[in-house]
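As structure tokens, the structure follows; a few thoughts come after it.
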Amino acid sequence: MNTLALRGRVRTIAIINQKGGSGKTTTAINLAAVMARRGQRTLLVDLDPQAHCALGLAIPESRIEYQIGDAMLGDERSIDPSRLLWHISRNLDLAPCTTKLAGLEAARGGLAEREDRDTRLRSVLSRVASRFDICLIDCSPSIGLLTFNALRAASEVLVPVETGYFALRGAGKQVQTIKALCRRFRINVPYRILPTLHDHDSILSGDVLGELQRSFESVVIPVVIRFDQHLKESAALGVPVVDYAPVARGASDYESLAGWLLENPPASTEADIEPADEPLDGPISPAFPVIVASPEGERFARDTDVERKDMNVGVEPVAAPVSRAAELAERTRRLSTRHAEVGRRIDTEPSNPGVVIEVEQIAASDTDAPRTDVDPTSRKRSSPREKFTEGFGVRYTDQGVFFTHPGGPHTIVSIAGDHNAWSTSTCIMRYNPRLRQHELLLPVPPGRYRYRLVVNGQWMADPYNPLSEPNPYGGINSVFVVTANQELAPVTTGLAG
């Protein structure tokens, strides 16, 4: 029996996590590739404005003329699958996006004004459903219209959770969000938690995994995706790990995950089911505000924001802190509450200098606070809130390529690479005491650049840049590519070496 097509619907798995760096896109790409190799007609949908699925499958953004956002805004009867779908390999197609997808959620972006704004993706997928057995949706690391669309289109949700410091808090928050949104939309979508980036040799990582399994019990998938450098390398080369290193741990783990999912379909893949709870009536107080500056947007915010008290409905309890991992999770919960409160104040009091000062104080004092991934190609000047939440690594600015790396005042960090003849002394990063990080703005002409960080004399690849390639000395070089219009470009197959 084909377990992927219950009740005439394509089995659609939305891969969701609000926390960046959880292995979400890596899981989407590699699980899709393994499913295709197992003979399942597979569609991978990139609903993350960072557009990393195309990047990880060697599709230059400059070649994408028609993306999933265009299809969601257009007339579903005029959708041309030949323009939208990219054939990656046998049984595997990609519906890509570009960084323009981020504009869909903005004021006058075109999506918020539509009455069917939260079901546009489902309408698009219905036009190509007959071609596929399974669909995987890589979601944005945020809660908004794009995530709402993914949830309405999905028959199940997969939540990748890194077995690191903030895993328990992140998993609990994500489960609460999914359940609250399902309740708000009056749908029933089963969810599962996938442990990722697991370091088998780390006591702390094992402790976090144990807490995760005890806290969420049966919804934790009994397959763990272990940390494997081959996963980063395959992404940089634009191929799935099963093609790049088929005997690597990462390839074996995703093979096991695909097998488990095929053998354990959800009890139902029908998403539009009335829940047992009574429907929500009356006005909804916002917990996840959607900022849309229009009368229609204000109505949308009232209609779709999640009632705070609903966030506790049916959520599995998290165990009391009994380990170092649980203590860290509890600390993260307190910090997250503080950050969320300041974030809400920024949204409502953007011109209040006291709020900005408070943000800077938190950023300087809470060095263990989690960071949220941001679009590396964004041209907008950062707001105080964006400065507080942006991550380390490589970012584009109007003045050049901006590098950030964590470290204290006694750490010396420099960047050596093609841009400076691999000198360790000409590009020393400046320490920012307010943000407790090292920074360097590097104006460079268009081209492809290899580089490494030199931290207190030790050479290393940039751990916050996913683009890398092997070097002749058995190590790893980090890579960035600047195009003629000064945007970070994907590293595609054939460029390495």
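Without hydrogens or angle criteria, Gln67 side chain to Gly69 main chain gives a donor-acceptor distance under 3.5 Å. Looking only at distances, no side-chain donor or acceptor of Asn477 sits under 3.5 Å from a matching main-chain atom of Asn471. When atom types are taken as modelled, the side chain of Ser155 and the backbone of Thr12 share a donor-acceptor pair closer than 3.5 angstrom. The closest donor-acceptor contact from the side chain of Arg120 to the backbone of Arg117 lies at 3.5 Å or more, if one exists at all. Between the side chain of Glu105 and the main chain of Leu146, a donor-acceptor pair closer than 3.5 Å is present. Between the side chain of Asn149 and the main chain of Leu121, a donor-acceptor pair closer than 3.5 Å is present. Within the 3.5 Å criterion, the main-chain N or O of Leu231 finds a donor-acceptor partner in the side chain of Ser234. His87 places a side-chain N or O within 3.5 Å of a backbone atom of Ser89 that can act as its donor or acceptor partner. Listed for the Arg452 side chain is a donor-acceptor partner under 3.5 Å among the backbone atoms of Ile476. Using a distance-only test at 3.5 Å, with no hydrogens or angles considered, a donor-acceptor pair links the side chain of Asn465 to the main chain of Val479.
Residues Leu262 and Gln40 form a side-chain contact, since some pair of their non-hydrogen atoms from C-beta on lies under 4.5 Å apart. With a 4.5 Å cut-off on side-chain heavy atoms, Trp86 and Ile64 count as touching. With a 4.5 Å cut-off on side-chain heavy atoms, Arg11 and Pro266 count as touching. Inter-residue side-chain proximity for Val481 and Leu467 is flagged as unmet; no heavy-atom pair is nearer than 4.5 Å. Side-chain atoms of Leu194 and Ile15, non-hydrogen and from C-beta on, never get closer than 4.5 Å to each other. The side-chain heavy atoms of Leu55 and Thr25, taken from C-beta on, include no pair separated by under 4.5 Å. Leu85 is listed as a side-chain neighbour of Phe132, based on a closest heavy-atom distance under 4.5 Å. Looking at heavy atoms from C-beta onward, Leu261 lies in side-chain contact with Met35 at the 4.5 angstrom threshold.
Among pairs with a residue in residues 216-231, those fulfilling salt bridge (charged side-chain N to carboxylate O under 4.0 Å, His left out) read Arg226-Asp253, at least two apart in sequence or across chains. Annotation: salt bridge (charged side-chain N to carboxylate O under 4.0 Å, His left out) contacts involving residues 25-49, sequence neighbours excluded, comprise Lys24-Asp48, Arg37-Asp243, Arg38-Glu255, Arg41-Asp133.
Closest approach of Val45 to Cys135, counting heavy atoms only: CG2-SG, 3.7 Å. The two residues Val239 and Tyr244 come nearest to each other via the heavy atoms CG2-CB, 3.6 Å. Closest of all the heavy-atom pairs between Val10 and Ala129 is CG2-O, 3.4 Å. Nearest heavy-atom pair, Ser468 versus Ala236, reported as atom, atom and distance to 0.1 Å: O-CB, 2.6 Å. Across all non-hydrogen atoms, the minimal contact from Ala32 to Leu92 is CB-CD1, 3.9 Å. The shortest non-hydrogen separation linking Ala171 to Val161 is CB-CG2, 4.0 Å.
In this structure Tyr464 satisfies the ring-ring contact (aromatic ring centres under 6.0 Å, His included) test together with Phe392, His405, sequence neighbours excluded. Taking Arg192 as the reference, Glu156 meet the side chain to side chain donor-acceptor pair (under 3.5 Å) condition, with sequence neighbours excluded. With sequence neighbours left out, Thr147 forms a side chain to side chain donor-acceptor pair (under 3.5 Å) with no residue at all. Among residues two or more places apart in sequence or in another chain, the side chain to side chain donor-acceptor pair (under 3.5 Å) test is passed with Arg249 by none.
The side chain to side chain contact (heavy atoms under 4.5 Å, CB included) with Leu31 is formed by just one residue from the set Thr42, Ile134, Leu257, Thr26; it is Leu257.
Annotation: Leu73, atom CG; neighbour count of heavy atoms from other residues, nucleotides and ligands within 6.0 Å is above 12.
For the atom pair CG of Leu43 and CZ of Arg131, the computed distance is 10.0 Å after rounding to the nearest 0.5 Å. Going from atom CG of Asp207 over to atom CG of Leu212 covers 11.5 Å, rounded to the nearest 0.5 Å. The OG1 atom of Thr27 lies 7.5 Å from the CG atom of Asn30; values are rounded to the nearest 0.5 Å. Atom-to-atom distance recorded for Arg448:CZ and Phe480:CZ is 11.0 Å, nearest 0.5 angstrom. The structure places CG of Leu104 at 5.5 Å from CE of Met72, a figure rounded to the nearest 0.5 Å. Atoms CG and CG, from Asp118 and Leu145 in turn, are 8.0 Å apart once rounded to the nearest 0.5 Å.
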Side chain to side chain contact (heavy atoms under 4.5 Å, CB included) assessment of Arg127 paired with Leu84: CA-CA 11 Å; Arg127 299 293 296 177; Leu84 175 63; over 6 Å; no
